[in-house]
Amino acid sequence: MNNHLLVDSALIGLLAYLFIGLFPQPIQAEDLSFTISPPTIQVSLDPGGKSEGILRVTNNSNQEQSFSARVEDVDVENKTGHPVIAVDHKLQNALSATSWIGLSPATISLQPHQSEEIIYYIQTPESARPGGFYSVIMVHPIPSDRNPNSHTTVQSQIGSLLYLTIKGAVNEYATIERFSAPQVLDHGPIQISLLIKNLGNIHIQPKGVVSLHNLLGKKIAITELEAFNIFPERNRSYEIGIGKDLFPGPYWATVSLNYGIYNIRHLEASLLVWVIPWQAILTICLGIIFLILAITVKMKNMGGQKPSEMSTQNT
Amino acid sequence: MLMRLKTKLPYEFRLFVVLVCICTIASFRIEHVSGASLLRASDAISTSRPSSLTTLSNTHLNNAKSIAIIDNGSVFFQGDTASILASPGERTGTFTIASASASNIPTSGKRMMYSSNPIPYSHAAGDMVAVRIPAMHTISFTTGAQIRSNGKIVITFPGLGDPSDIPSATTFAFNNLSDLDIQSNNATCGFSVIAPRIICGVQIAIPANTTVTIFVGCAKQIAGVCTSPTAKLLNPTTAKSKATADIWNISLRALNPDGTEIESSRLRIGTIQSVQVKAFIDPTLSFSLIPVGKNLPVNTGNTNGCNVTEKTHPETTATSTSIDLGKLENTPSTPKTSVSNIAAQLLSITTNARTGYVLFATSSGHLQNRATGFTMPDSLVPGPFEKGKPWFGMHACGKDVSASIWTGGLTQVCNTYITGSGSGICRYGWPTTKNQLTLASDPSGPIGEDIVKGNGKTTIEFAAGIDQNVAGGNYNTSVTYTILPTF
């Protein structure tokens, strides 16, 4: 009896093993996961001022992992506003805070699910001009094992954006480079393209609305602009759809926004858009033309027949 | 009842009981005074930045504008005043740091440090290079008992004491601290300094429950606020491997005129003492990378955001740090036939911050055979595999991915087919060293797996196909995923 039980158990175990083996593992074990805090750092200092803070790194994976941190220049793409690592160091000495930042320690080793702090020290020179300076503190895992036969080596890194403002007379100046829409539309909504350029030396975050007025000056729609930062010397594009159900006629779209540290600098622009349901009008016009033509042809036909009819009647 | 006890118990016994009670109460009071702790003791330092100390790695010649140092992890900033400390027969040279080289320049384990002005005096290799970081200490405590006139308050810093102006690895160097650099509030003191001790000779008795503040490194204080800081004590240097390791113990004792202790306390100050974290919930940005196993749908783990269901190759190996596409096969010539060598990874990004994120990739260059120099064709602008032609790249798929870039259509649904296979062909691109390739982005947070808009999951497919003209051998490259919060 006991022997039977043993054999049955072994068979069941074997079957279970084979059954599980039939199906591949849905996903391999997670072996790289980490967190930084905070993702953005904002510091405001006088020229020559100093500051320090903490960037916390957490190893979320199930194995020990070493991390390295370094400070890099950061730039921002036009239109999208996506930050990029400025590998060619074009920003050095212009908008870069990199040479004013130190990290300690620059390398840490973390046990699974352990956190550690990296201290950043900021020390600005007395000669620092008022305005914005930017850097990114990059944290990346130090690979412990590399597959020498692999085609592609994969590295990963997360950055914490650092916005440093040097107090003083900063230059805040922005312009609307483009505020456009199709001049004539068949129907709403009106798709407006807005491009704002920051010509100052500190980032700005314009806040405001795009509004739509009809022929009578009545406000019929309003849309709030998304609040995005615009990097110095870069532009940012906005795509706005406004006014869904519009009657035929002229409409004035106006963008009105404020920006700056005290949010008192103002930008405004307007444009005129005609909503003309030209397809419907064209259809009606074509219909009318067709009707006129048909009537004309009919009339001509009728006019041609009259003399013969008359002569027939006379005979 | 008491009357009855009085009559029953003899007087001597009652006296004995009363005396025992008095002695017991008295002993409690003595215990409270002697050996008690000073209350709410603290020491806040004006900066927790450690002093920096390293050594010259090479000889420095008089008036040269740069020095080579041993890179021991010490932090040096532009604008720091650095000193090359004199060995016997030398003189100390002081200069302002203009810039510093990256690590391992000029050689491994060294760094260059530059000055805009000539650095005076010659120095030998091994001489110490120091940046002194002085800090003001604000020591505060509340007395539990009276400190009598002619009593003392003794502050003892760690270590054996160092009166010099050279940063120490074991204590706060006193940097020629004098009694003029120490001020007190709510205590009238005659200060004396004997490193590692600062002694306040109490001139007027300090009542119990008085909050006393002593400023070390301050020329003048008004009502408990230092109005004229003269930071003196030098923060110790650090050789720590962990940021939270440098904790220093400071002893605080209140003494009677005869030297007996009234009360005491032990302070612990650390490198992050002056940093305040005000947020209740720390904003975070997290990243995880999970390789997709062999012979599995590439959208495994991301079925909600990515509709690409073609399978990874049975011979490919993906880990979190490498992609092995296996033995590369020819790019198909028949429409609607999938490229063979496909591997995939699942990238997950979460953040509770209002800023969103952008995920982009850069690379070390083309997939290249180092032996022959042959490179696989690729493009920064994602494009499809052409019939029978070699191609290599990566394809992104997910809710935060631009379908128009990666499939040329309105949806993410695609297969790694060659051109001419109809719609829904996955496009593959490859970044360069300087030109990044944006894989996914979401302009606003929070971003998490349970949020439909922008769930932060992106599947990355790697694929390669060859023809008969591609030289044999091993082909390698590297790719770096970078995740940044949106600006």
Side-chain angles (χ1 to χ4, degrees), chain A residues 24-28 30-40 50 52-54 56 60 76 81-85 87-88 99-100 102-106 108-109 116-119 121 123 125-126 136 143 145-147 149-161 203 226 228-229 231, chain B residues 47-50 73 75 77-79 99 238 240-244 271-272 275 277 282-296 300-301 319-325 351 353 355 358 360 367 433-434 436 438 441 443 462 475-487:
Chain A
Q25 290 296 310
I27 204 148
Q28 293 186 8
E30 182 176 319
D31 53 0
L32 178 64
S33 180
F34 61 109
T35 298
I36 61 165
S37 175
T40 57
K50 300 174 185 178
E52 57 197 58
I54 289 169
R56 179 176 286 274
N60 304 317
V76 169
H82 289 166
V84 296
I85 307 296
V87 288
D88 48 5
S99 64
W100 306 338
L103 304 175
S104 178
I108 53 175
S109 183
E116 198 62 80
E117 290 160 351
I118 292 172
I119 300 176
Y121 298 98
Q123 181 171 304
E126 294 285 352
V136 59
D145 57 333
R146 285 258 190 247
N147 178 1
N149 298 320
S150 71
H151 286 123
T152 308
T153 308
V154 178
Q155 297 169 11
S156 311
Q157 55 184 2
I158 312 183
S160 179
L161 284 177
H203 67 279
E226 284 192 82
F228 294 131
N229 284 327
F231 199 73
Chain B
T47 176
S48 67
R49 180 186 167 190
V75 177
F77 288 99
Q78 178 190 8
S99 62
T238 182
K240 63 196 174 191
S241 58
K242 293 181 178 180
T244 52
T271 52
I272 57 170
V275 177
V277 179
D282 288 335
T284 58
L285 177 62
S286 299
F287 171 73
S288 67
L289 195 163
I290 307 171
V292 177
K294 300 173 182 179
N295 204 24
L296 288 173
T300 302
T319 70
S320 63
T321 56
S322 66
I323 296 286
D324 184 357
L325 287 168
T351 180
T355 55
V358 57
F360 62 83
L367 184 65
T433 309
K434 288 188 176 180
Q436 65 183 39
T438 300
S441 67
F462 292 82
Y475 284 72
N476 306 94
T477 185
S478 71
V479 64
T480 301
Y481 299 125
T482 300
I483 300 95
L484 294 176
T486 51
F487 185 77

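We name chains A, B, ... by the order of the sequence lines, and we start the count at 1 in each one.
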Is there side-chain contact between B:Arg49 and A:Gln123, with heavy atoms separated by less than 4.5 Å?
->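 Side chain of B:Arg49 against side chain of A:Gln123, heavy atoms only: contact under 4.5 Å found.
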Compare all side-chain heavy atoms of B:Ser288 with those of A:Asn60 and state whether any distance is below 4.5 angstrom.
->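 No; the side chains remain at least 4.5 Å from each other.
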Between chain B and each of A:Val136, A:Asn229, A:Leu103, count heavy-atom pairs under 4.5 Å; write down the option with the most.
->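 The candidate making the most pairs under 4.5 Å is A:Asn229.
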Can you measure from [atom1] ([X]) to [atom2] ([Y]) and round to the nearest 0.5 angstrom?
{"X": "A:Thr152", "Y": "B:Asn476", "atom1": "OG1", "atom2": "CG", "answer": "8.0 Å"}
{"X": "A:Phe34", "Y": "B:Leu285", "atom1": "CZ", "atom2": "CG", "answer": "9.0 Å"}
{"X": "A:Gln157", "Y": "B:Thr480", "atom1": "CD", "atom2": "OG1", "answer": "6.0 Å"}
{"X": "A:Ile85", "Y": "B:Leu484", "atom1": "CD1", "atom2": "CG", "answer": "5.0 Å"}
{"X": "A:Thr40", "Y": "B:Phe487", "atom1": "OG1", "atom2": "CZ", "answer": "10.5 Å"}

What part of B:Thr355 gets closer than 4.5 Å to chain A, counting heavy atoms only: side chain, backbone, both or neither?
->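 Contact with chain A involves the side chain of B:Thr355 alone.
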Residue pair B:Pro485 / A:Gly159: nearest heavy atoms and the distance that separates them =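 Minimum heavy-atom contact is CD-O, 3.2 Å.
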Closest heavy-atom pair and its distance - A:Ile158, B:Ser286 |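 That would be CD1-C, 4.2 Å.
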Test side-chain contact (heavy atoms from CB on, under 4.5 Å) applied to B:Ser441 - qualifying residues, sequence neighbours left out |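 Scan of B:Ser441 (side-chain contact (heavy atoms from CB on, under 4.5 Å), adjacent residues dropped) gives A:His82, B:Val358.
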Using side-chain contact (heavy atoms from CB on, under 4.5 Å) as the criterion, list what pairs up with B:Ser320, not counting sequence neighbours.
->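 side-chain contact (heavy atoms from CB on, under 4.5 Å) list for B:Ser320, sorted by chain: A:Asp31, A:Leu32, B:Leu289.
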Side-chain donor-acceptor pair under 3.5 Å between B:Ser478 and A:Gln155, yes or no?
->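 Side chains of B:Ser478 and A:Gln155: no pair found under 3.5 Å.
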